[in-house]
Amino acid sequence: MNETRAGYTVSIQYDRRLYRQDIAGSIAHARMLARQGIIADDEADAIVGGLRAIQVEIEEGTFRWRPELEDIHMNIERRLFEKIGDTAGRLHTARSRNDQIAVDMRLYTKDLVTEVVEAIGSLQTTLITIAESNFDVVMPGYTHLQRAQPVLFAHHVLAYFEMFDRDCERFRQACKRADVLPLGSGALAGVPYPIDRRYVAEQLGFAEVSANSMDAVADRDFLLDFESAAAICMMHLSRMSEELVLWSSEEFGFIRLSDDYTTGSSIMPQKRNPDFAELARGKTGRIFGHLVALLTTLKGLPLTYNRDMQEDKEGFFDVGDTLLATLRVFADMLLTMRVDAGRTREAAQGGHVLATDIADYLVAKGMPFREAHGVVARLSADAAGQGKRFDELSLETYRGHSDLFGDDVYSITVESSLAARDVPGGTAPGQVRQALSAAKLRLEARRGG
Ligand code: ARG
């Protein structure tokens, strides 16, 4: 066979990372075959012993991977023959590579979810830490990237806590759908042996056994579930990246990322490029791409297994690796960044961020909100024309726009604005304190349960 043709079908260079799952699945299968009297006990013992020894070889790096054997299943099976002889041939009784690869990918997905949920939890812990240590920091909140209303920095940070909480939920759902044993489906129609699927499910820690053998070998929805959850989670990380890039610019100057997470330019010595945030934003595109690739791979496939499905792996592994790396980088990058509370306050006081509060002031004095909105819009234009902030305008100027204005208009400050938003979910300091405690409890509950 010429080289190009031989290499085309090979997957061992990437599916070898499934060795633990593949061996675990085979051991459970062999034990079940012996329990059911389908193979002899001493045959199962030899198979299990051989598989365990192979795992040690792989982990010690002495296993010789052979591309000509194509995939992880054939590599391990051939080695088992070398180690225990013809008894190895009994392992594949009542099994096919179609239900074997499905069980490997499901086991892998379940482990991956555990790691991802843990990494998200660490990132959320970091968010709580920086929200607490910067609790007094005020900044402008934005809509349309225009300064809108003052908010606590902690409130802004906790918005991300919520996003990651929903991400965890999605990953756990993906895990639930992966938690179904496909083994026992054979090639597609089931197997003509008295197997015990429940026993295998228990051995491997699956909650259920699949209800339809054809679906079980054709289904990769659980990978799509994971990749969709990952795409959404990366989108959140990418939005945060965008803010870090903006905030660390000279224009904003809200934060300073630690030297470990910025790089200089080779020709412009003043630069501190936020490469990690930029790369996270960039890698998000790749993750979205993998999701679309897998959807596209699956969309035209007739039941049941088709070799096209081998193409699920590289993208899936990359999604898991990239997501985990990004979550871990972010936890440390955020923990080591410094917030410039002076700059954020300056921004929160400028830009007529208190306009809504002045309108609310007029409402409190009896003016309908729509009318108050118009008055403050004109006042705002007036202030802009004079190059002044609201608190620098004279009372005459105020009263020129409405005689409802009195001296007490000067008591409208960033602090009064924050304090006024004292509703559940609002940015009043008392509410944000409560939100912080609630966030901690939720995180603990998730780790406990
Ligand atoms: N390497 C294959 C895959 O990942 C394993 C299953 C092969 N099954 C088959 N009938 N050729 O999809």
Side-chain angles (χ1 to χ4, degrees), residues 1 4-30 51 54 58 63-81 88-89 91-112 177-178 180-193 200 204 210 212-227 290-291 293-321:
M1 206 196 283
T4 314
R5 214 178 96 220
Y8 202 73
T9 54
V10 176
S11 56
I12 191 62
Q13 67 277 24
Y14 50 83
D15 70 14
R16 67 164 97 174
R17 73 157 85 188
L18 295 170
Y19 77 89
R20 269 193 301 117
Q21 291 78 10
D22 199 69
I23 288 174
S26 289
I27 289 177
H29 183 66
L51 289 169
I54 290 170
I58 294 173
F63 190 92
R64 195 166 64 84
W65 298 102
R66 294 163 62 174
E68 69 277 16
L69 296 176
E70 283 197 355
D71 62 18
I72 182 69
H73 320 304
M74 302 309 285
N75 267 265
I76 290 176
E77 188 177 317
R78 177 66 62 89
R79 184 72 186 127
L80 190 61
F81 270 96
L91 171 60
H92 216 52
T93 315
R95 190 176 71 169
S96 143
R97 273 194 293 161
N98 296 350
D99 55 354
Q100 190 178 355
I101 188 61
V103 81
D104 291 4
M105 290 302 278
R106 283 175 182 272
L107 286 170
Y108 185 90
T109 304
K110 287 174 60 183
D111 288 345
L112 183 57
R177 277 187 288 264
V180 179
L181 176 81
L183 221 50
S185 302
L188 77 162
V191 297
Y193 296 90
V200 178
L204 294 174
S210 56
N212 180 294
S213 62
M214 296 181 77
D215 178 46
V217 293
D219 174 36
R220 293 294 181 272
D221 292 3
F222 60 102
L223 299 181
L224 289 172
D225 282 330
F226 181 91
E227 290 187 5
H290 290 318
L291 170 61
L294 182 56
L295 283 166
T296 312
T297 296
L298 293 171
K299 76 178 266 290
L301 300 186
L303 296 185
T304 52
Y305 178 84
N306 298 271
R307 191 65 182 271
D308 315 45
M309 287 155 70
Q310 178 168 302
E311 288 295 311
D312 60 0
K313 287 173 200 61
E314 284 167 290
F316 183 72
F317 294 151
D318 187 51
V319 169
D321 294 347

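All ligand and atom numbering here is 1-based and tracks the order in the structure. Since we're looking at a predicted model, the values are computed, not measured.
For K313, the heavy-atom gap to ligand 1 drops under 4.0 angstrom. Q100 does not count as a contact of ligand 1, since none of its heavy atoms falls under 4.0 Å from the ligand.
Here the NZ atom belonging to K313 is positioned 8.0 Å from the CE atom belonging to M309, to the nearest 0.5 angstrom. Once rounded to the nearest 0.5 Å, the distance linking CH2 of W65 with OH of Y19 reads 8.5 Å. Expressed to the nearest 0.5 Å, how far CE of M74 lies from CZ of R66 amounts to 10.5 Å.
Side chains of S26 and R95: a donor-acceptor N/O pair is present below 3.5 angstrom, by distance only.
Scanning all protein heavy atoms for the shortest distance to atom 10 (N) of ligand 1 gives N98 OD1, 3.0 Å. The nearest protein atom to atom 11 (N) of ligand 1, hydrogens excluded, is given as R97 NH2, 3.6 Å; this is a heavy-atom distance. Here the protein heavy atom with the shortest distance to atom 12 (O) of ligand 1 is Y305 OH, 2.3 Å. The nearest protein atom to atom 1 (N) of ligand 1, hydrogens excluded, is given as Q310 OE1, 2.9 Å; this is a heavy-atom distance.
Just one of D15, I12, I101, L18 meets the side chain to side chain contact (heavy atoms under 4.5 Å, CB included) condition when paired with H73; it is I101.
Between R106 and D219 there is a salt bridge, since at least one side-chain N of the basic residue sits less than 4.0 Å from a carboxylate O of the acidic one.
Close N/O approach between H73 and ligand 1 is not found [any backbone or side-chain N/O within under 3.5 Å].
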